[in-house]
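This report concerns only the one structure given below.
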Amino acid sequence: NAGVTQTPKFRVLKTGQSMTLLCAQDMNHEYMYWYRQDPGMGLRLIHYSVGEGTTAKGEVPDGYNVSRLKKQNFLLGLESAAPSQTSVYFCASSYLNTGELFFGEGSRLTVL
Amino acid sequence: KQEVTQIPAALSVPEGENLVLNCSFTDSAIYNLQWFRQDPGKGLTSLLLIQSSQREQTSGRLNASLDKSSGRSTLYIAASQPGDSATYLCAVPLSGGYNKLIFGAGTRLAVHP
């Protein structure tokens, strides 16, 4: 029972470098989401997808891009990392658009 | 704009106490409300989901209530145990659904033996 798996779990980048976070779910969920969590600010939605081939902006999309080429995968990309993007990133998925959310264990990103 | 507030920010109680965590939201037009648990360095685990038509949901020692008209929800934990120590977050969807959730900052609970 893998559920939602995120890779990598930890990453350190230098300002200006690029990277991609991978989220994979094995529950056949239609909806997938990327959140970031910062101290004292709760979780904020970056981008989300309502199905294969679709993506949409969330609350804090600037500086990030996403792709959902396969139903089970949702990729989050940083083209030119900035220190303000130092955070813990969480992927989540759900079967229904107003149903229970299942989260991955998070990816801790540090941008120097 | 929907805002979610959780009080208190932190709580420390002795084992065995019954306790209440509070969540308030500014826009009462919500589809549902979810309570999550987060252990240090881990992801979020959904505890309870209350649909807008429901007043409460129960799971084991946990009971969550929802009062949409007053914009409040409470999470009641009965007979607390050290294993309940974690951060508890509540979240409501932005209008339009799709689980575009707005989260509170959480209540950090410590249950000591």
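So that the names make sense, note that chain A is the first sequence line, chain B the second, and so on, each numbered from 1.
A continuous path of Ile, Leu, Val, Met, Phe, Trp and Tyr side chains, each step under 4.5 Å between heavy atoms, connects Val50(A) with Tyr35(A), placing both in one hydrophobic cluster. Cluster annotation: Met32(A) is connected to Trp34(A) through the hydrophobic network of ILVMFWY side chains, with a link wherever side-chain heavy atoms come within less than 4.5 Å. Hydrophobic cluster membership differs between Tyr88(B) and Phe102(A), with clusters built from Ile, Leu, Val, Met, Phe, Trp and Tyr side chains linked at under 4.5 angstrom. By the criterion of side-chain heavy atoms lying less than 4.5 angstrom apart, applied directly or through intervening Ile, Leu, Val, Met, Phe, Trp or Tyr residues, Val4(B) is not grouped with Val60(A); the two fall into different hydrophobic clusters. Cluster annotation: Leu101(A) is not connected to Leu21(A) through the hydrophobic network of ILVMFWY side chains, with a link wherever side-chain heavy atoms come within less than 4.5 Å.
Residue Glu59(A) touches chain B through its side chain alone, counting heavy-atom pairs closer than 4.5 Å. Using a 4.5 Å cut-off between heavy atoms, Ile102(B) contacts chain A through its side chain alone, with no backbone atom that close. Residue contact with chain A, scored on non-hydrogen atoms closer than 4.5 Å, involves the backbone and the side chain of Leu44(B) alike. Neither the backbone nor the side chain of Glu30(A) comes within less than 4.5 Å of any heavy atom of chain B.
With contacts defined as side-chain heavy-atom distances shorter than 4.5 Å, the pair Glu100(A)/Phe36(B) does not qualify.
If you take CG on Leu43(A) and CG on Leu101(B), they are separated by 9.0 Å, rounding to the nearest 0.5 Å. Between atom NZ of residue Lys100(B) and atom OH of residue Tyr33(A) there is a gap of 10.0 Å, rounded to the nearest 0.5 Å. Taking CD of Gln37(A) as the reference point, atom CZ of Phe103(B) lies at 8.5 Å (rounded to 0.5 Å).
Remark: Arg108(B) CZ is loosely packed, at most 12 non-hydrogen atoms of other residues, nucleotides or ligands lying under 6.0 Å away. When the shell of 6.0 Å around CD of Glu79(A) is examined, it contains 12 or fewer heavy atoms from other residues, nucleotides or ligands.
When the heavy atoms of residues 104-112 of chain A are compared with those of chain B, the residues falling under 4.5 Å are Gly104(A), Glu105(A), listed by number.
Of all heavy-atom pairs between Gln38(B) and Phe90(A), the closest is NE2-CZ, 3.4 Å.
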